[in-house]
Amino acid sequence: MEIARCLLGKMLVCEGVGGLIVEVEGYVGQEDPACHASVGRTLRNEAMWGLPGHAYLYFTYGNHWMLNVVTEPEDYPAAVLIRAIQPIFGLELMRERRRLHLLKSKPDDRHLTNGPGKLCQALALTGELNGLSLQSERLFLAEAASGLALPSSEIVETTRIGITRGVDRPWRYYIKSNPFVSYPN
DNA sequence: GGGCTGATTTGCT
DNA sequence: GCAAATCAGCCCG
């Protein structure tokens with residue numbers, strides 16, 4: 001889970017649109033009942049068994065793509081789900097893609113990227129990018145401007161959400177008091 | 001602001 | 001067939 005914590009505060013950019021990672025969850029190994037790899041190696045979760053530093057993208061609930069960062073060496077399935085980012089670049093494009101103005105609720109930039117499905121829509125991340133390196137032209141993960149790691153006093157550790165198995169493991173991390181975190185405590 | 005529910009497609013048993 | 005690492009709308013207060 002060390003890597004999950006390190007990803008907080010890092011910059012994620014896809015074709016000029018992106019922001020700072022503010023919320024993540026770790027899914028580790030076949031023994032983790034919430035990890036997609038718990039069912040073994042399949043076509044869907046193949047990318048998780050691949051090289052670290054690459055993307056694992058999957059589709060769920062009929063509408064949503066989810067972005068994960070593969071974290072362990074080849075043949076050990078583990079990844080960190082990016083649950084929320086703070087928008088920095090390409091705000092206008094994000095607003096267009098999210099179509100907040102068409103929703104009933106009042107437009108609020110927090111709704112651009114405060115959830116794993118929302119941020120994929122805002123950055124236009126789909127299965128097309130599955131398995132891609134996170135140091136590629138299109139999709140890029142970089143150090144935050146300061147280059148400094150976040151002090152642990154700024155990180156909140158809780159249980160993962162939106163799952164039905166392995167709910168006890170405290171592998172969700174987010175930046176304290178950040179307005180773009182989904183379901184802050 | 002919080003809780004509940006329907007939507008909708010894919011991958012896997 | 002069914003469950004799913006979600007989201008938005010609706011109701012309530």
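A, B, ... follow the sequence lines: proteins, then strands. Residue 1 opens every chain. Worth knowing before you read on, the calculation uses all heavy atoms, side chains too, and leaves out hydrogens, waters and symmetry mates.
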With A:I82, the side chain to side chain contact (heavy atoms under 4.5 Å, CB included) member among A:V22, A:I21, A:N68: A:I21
To the nearest Å, how far apart are A:R99 CZ and C:dC7 P? 18 Å
Which nucleotide in C:dT6, C:dC10, C:dA8 has an atom nearest any side-chain atom of A:K104: C:dC10
Test side-chain hydrogen bond (donor to acceptor under 3.5 Å, both in side chains) applied to A:R98 and A:Q121, step by step: CA-CA 6 Å; A:R98 291 277 298 126; A:Q121 189 181 13; 2.6 Å; yes
Atom-to-atom span, OH of A:Y183 to C1' of B:dG3 - whole angstrom: 10 Å
Specify the separation, in whole Å, of atom NE2 of A:H64 and atom C1' of C:dT6. 4 Å
Nearest-Å distance for atom pair CD/P, residues A:Q121 and B:dA7: 19 Å
Looking for any heavy atom pair under 4.0 Å, which part of the strands does A:R160 touch: base, sugar-phosphate only, or nothing? nothing
We want to know whether A:S38 and A:E31 form a side-chain donor-acceptor pair, criterion being a heavy-atom distance below 3.5 angstrom. no
Whole-Å distance between B:dT10 P and A:W65 CH2? 9 Å
Between P of C:dG9 and NZ of A:K118, the distance in whole Å: 10 Å
Spatial distance of atom CG (A:L8) from atom CG (A:L20) [nearest 0.5 Å]: 10.5 Å
Quick one: ring pair (Phe, Tyr, Trp, His ring centres under 6.0 Å) partners of A:F59, sequence neighbours excluded? A:W65
Nearest to side-chain heavy atoms of A:N63, which nucleotide of C:dA5, B:dT10, B:dT8: B:dT8
Paired stretches of DNA chain B - 3 or more consecutive Watson-Crick or G-U pairs, each distance under 3.5 Å: B:1-7 with C:6-12, B:9-12 with C:1-4
Under a plain distance cut-off of 3.5 Å, with no hydrogens placed, do A:E74 and A:Y76 share a side-chain donor-acceptor pair? no
What's the separation between atom CD in A:E157 and atom NZ in A:K176, rounded to the nearest 0.5 Å? 12.5 Å
Tell me, yes or no, whether the heavy-atom count around A:E154 atom CD, taken from other residues, nucleotides or ligands under 6.0 Å, exceeds 12. yes
Tell me what A:L81 touches on the nucleic acid: a base, only sugar-phosphate, or nothing, going by heavy atoms under 4.0 Å. base
Please report, rounded to the nearest Å, how far the P atom of B:dT10 is from the CE atom of A:M66. 15 Å
Taking only side-chain N and O atoms of A:R98, does any of them lie within less than 4.0 angstrom of OP1 or OP2 on C:dA8? yes
Identify each atom pair where a protein N or O and an N or O of nucleotides 2-4 of chain C are less than 3.5 Å apart, giving names and distance.
residue : atom : partner : partner atom : Å
C:dA4   : OP1  : A:T164  : OG1          : 3.0

Using whole Å, what does the distance between atom C1' of nucleotide B:dG11 and atom CG of A:L43 come to? 9 Å
Check A:Y183, A:Y174, A:F180 against A:R83 for a side chain to side chain contact (heavy atoms under 4.5 Å, CB included) and give me the one that passes. A:Y183
